[in-house]
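Presented below is the structure to which this report refers.
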Amino acid sequence: MCRAFEEWQEECIQKGIATGITQGEIIGTLKTYKKFSVSKEETLKNIITDFSLSEEDARNYMEKYW
């Protein structure tokens, strides 16, 4: 039980880091790609790779900030 809690806690910490610190970076990256006319598909691939996002999360960012 304790190990499961520790894993859950680490996952929450990582999600917090990803949504807190990295969120601004993701938004900035999206705006930069758009400004320089990078295609949506190329942008999607890049943010998935660069920020270790799931495709669903990356698409959500694209819908919200593109």
Side-chain angles (χ1 to χ4, degrees):
M1 183 70 170
C2 187
R3 180 74 184 139
F5 176 76
E6 289 172 357
E7 289 175 3
W8 173 79
Q9 185 179 26
E10 180 61 28
E11 182 180 330
C12 289
I13 290 168
Q14 291 305 315
K15 283 183 180 178
I17 290 169
T19 57
I21 297 167
T22 309
Q23 185 173 16
E25 293 175 304
I26 294 169
I27 294 166
T29 299
L30 288 172
K31 290 181 179 192
T32 300
Y33 285 152
K34 185 175 182 181
K35 183 176 182 175
F36 288 99
S37 302
V38 177
S39 73
K40 282 188 171 184
E41 282 305 310
E42 189 66 28
T43 299
L44 182 67
K45 289 179 197 175
N46 288 340
I47 64 169
I48 288 170
T49 302
D50 294 347
F51 297 101
S52 301
L53 296 174
S54 68
E55 185 172 338
E56 180 182 356
D57 287 342
R59 287 189 184 281
N60 287 337
Y61 276 109
M62 295 280 297
E63 287 176 20
K64 198 170 188 179
Y65 300 107
W66 183 262

(message) As an exercise, state the distance from OG of S52 to CG of D57, rounded to the nearest 0.5 Å.
(response) 11.5 Å

(message) If I compare all heavy atoms of L30 with all of M62, which pair ends up nearest, and what's the gap?
(response) CD2-SD, 3.3 Å

(message) To check you understand the geometry: which heavy-atom pair defines the closest contact between S54 and I48, and what is its length?
(response) O-CG1, 4.2 Å

(request) Provide the closest heavy-atom pair for W66 versus V38 in the form atom of the first, atom of the second, distance. (result) CH2-O, 3.4 Å

(message) Checking T49 now: which residues fulfil side-chain contact (heavy atoms from CB on, under 4.5 Å) with it, not counting sequence neighbours?
(response) none

(request) Go through the steps for E41 and K45 under the test salt bridge (Lys or Arg N to Asp or Glu O under 4.0 Å), then give the verdict. (result) CA-CA 6 Å; E41 282 305 310; K45 289 179 197 175; over 6 Å; no

(request) Apply side-chain contact (heavy atoms from CB on, under 4.5 Å) to the pair T29 and F51, showing each step before the final yes or no. (result) CA-CA 10 Å; T29 299; F51 297 101; 3.6 Å; yes

(message) Please report the interatomic distance OH(Y65) to CG(N60), rounded to the nearest 0.5 Å.
(response) 10.5 Å

(request) Look at R59 together with E55 and state whether they make a salt bridge at an N to O cut-off of under 4.0 Å. (result) yes

(request) Go through the steps for L53 and I26 under the test side-chain contact (heavy atoms from CB on, under 4.5 Å), then give the verdict. (result) CA-CA 10 Å; L53 296 174; I26 294 169; 4.0 Å; yes

